Amino acid sequence: ALDIAYETLKIEKVLKRIGINRLQFRRPKINNENIVCPLVQVVFHNQLFKLFYLSLLNILKAEILKDKNKADSYLKGIFAAEGCIRLDASGIVGSVKITATKMEMRDFYRNSLQKLGINTAKDDLTKGSEAIVITHFNNFRKLFEMNLLSLHPEKQKKFINALMNYQKKKDDLLKFESA
């Protein structure tokens, strides 16, 4: 079992060594004995940085929607951070989701994907896990061909392995991958 107090102290010492002194630790809501290593979330609170970041993002949004290369690069980061590959019962890709709670961000992601020729299905509006949903093999092929999951090797491996389970499409994908 994971000793939470010991792990907290260990993380606190490392953070203080690199100059982070204002710490806030949250106790886990559950006591899961299957946890192998702790998750550390570093949060940076600075209003000026937040204004700069949001301003920069608003400027970049217009650029991303104008330029396929920028949309491609931006979406690689979004898939790495917010992407999720869902498999169906037979082990093929059922859907690829991008989590976004705000409608404005879902619309932006949808428009960015459309810039690359990828269409989305109806959004998942389940409270707490709202997301853009990508379905259909032709869209999965585009994700594969554009290597949009490449920034997260585990997600990319899961996605490619599941694509290879499409028996009728496997040969076409293998031809593309070797080209």
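Note that these values count all heavy atoms, side chains included, but never hydrogens, waters or copies made by symmetry. Nothing here was measured: the structure is a model prediction, and the numbers come from that model.
- The distance from atom CG of L60 to atom OG of S73, rounded to the nearest 0.5 Å, is 11.5 Å.
- Tracing side-chain contacts under 4.5 Å through hydrophobic residues (I, L, V, M, F, W, Y), one never reaches I59 starting from L65; they form parts of separate clusters.
- Using a 4.5 Å heavy-atom cutoff, the side chains of F144 and I160 are in contact.
- The distance from atom CD of E130 to atom CG of D124, rounded to the nearest 0.5 Å, is 7.5 Å.
- Linking ILVMFWY side-chain heavy atoms closer than 4.5 Å, directly or via other members, places I134 and M103 in two distinct hydrophobic clusters.
- Atom CD1 of I98 is separated from atom CE of M105 by 9.5 Å, given to the nearest 0.5 angstrom.
- Both tests pass for K61 against the ring of F108: distance under 6.0 Å to the centre and angle within 45° of the axis.
- Taking CZ of F137 as the start and CG of L163 as the end, the distance is 6.0 Å to the nearest 0.5 Å.
- Listed for the K155 side chain is a donor-acceptor partner under 3.5 Å among the backbone atoms of A80.
- A pairwise comparison of heavy atoms in I118 and M146 identifies CD1-CE, 3.9 Å as the closest pair.
- Using bins of under 30°, 30° to 60° and over 60° for the plane-to-plane angle, the ring pair F49/Y53 lands in the parallel bin.
- Grouping the Ile, Leu, Val, Met, Phe, Trp and Tyr side chains by contacts below 4.5 angstrom, directly or via other members, places I92 with I85.
- Remark: L113 CG to L148 CG distance equals 8.0 Å, nearest 0.5 Å.
- In this pair, F159 and F140 present their aromatic rings perpendicular. The plane angle is above 60°, beyond the 30 to 60° band.
- Here the closest heavy-atom approach between residue N119 and residue Q114 is recorded as OD1-CG, 4.4 Å.
- A continuous path of hydrophobic side-chain contacts links L116 to L143 [ILVMFWY only; heavy atoms under 4.5 Å].
- Judged by distance alone, the side chain of N165 and the main-chain N or O of G91 form a donor-acceptor pair under 3.5 Å.
- Between T120 atom OG1 and Y109 atom OH the span is 13.5 Å, to the nearest 0.5 Å.
- Closest heavy-atom contact between R106 and T101: NH1-O, 2.9 Å.
- Although no hydrogens or angles enter the test, the distance criterion places no donor-acceptor pair under 3.5 Å between the side chain of D72 and the main chain of L75.
- The two atoms that bring Q156 and S150 nearest to each other are OE1-CA, 3.5 Å, heavy atoms only.
- At a threshold of 4.5 Å between side-chain heavy atoms, the hydrophobic network of Ile, Leu, Val, Met, Phe, Trp and Tyr places V14 and L9 in two separate groups.
- Judged by distance alone, with hydrogens and angles left aside, the side-chain atoms of D123 form no donor-acceptor pair with the main-chain N or O of L125 at under 3.5 Å.
- The main-chain N or O of S95 is never found under 3.5 Å from a side-chain atom of R86 such that the two would form a donor-acceptor pair.
- Minimum interatomic distance between N139 and T135 (heavy atoms only, all atoms of both residues): ND2-O, 2.9 Å.
- For the salt bridge (Lys or Arg N to Asp or Glu O under 4.0 Å) with E63, the lone residue among K70, K115, K68 that qualifies is K70.
- I64 and S112 get closest at one heavy-atom pair: CG2-OG, 3.7 Å.
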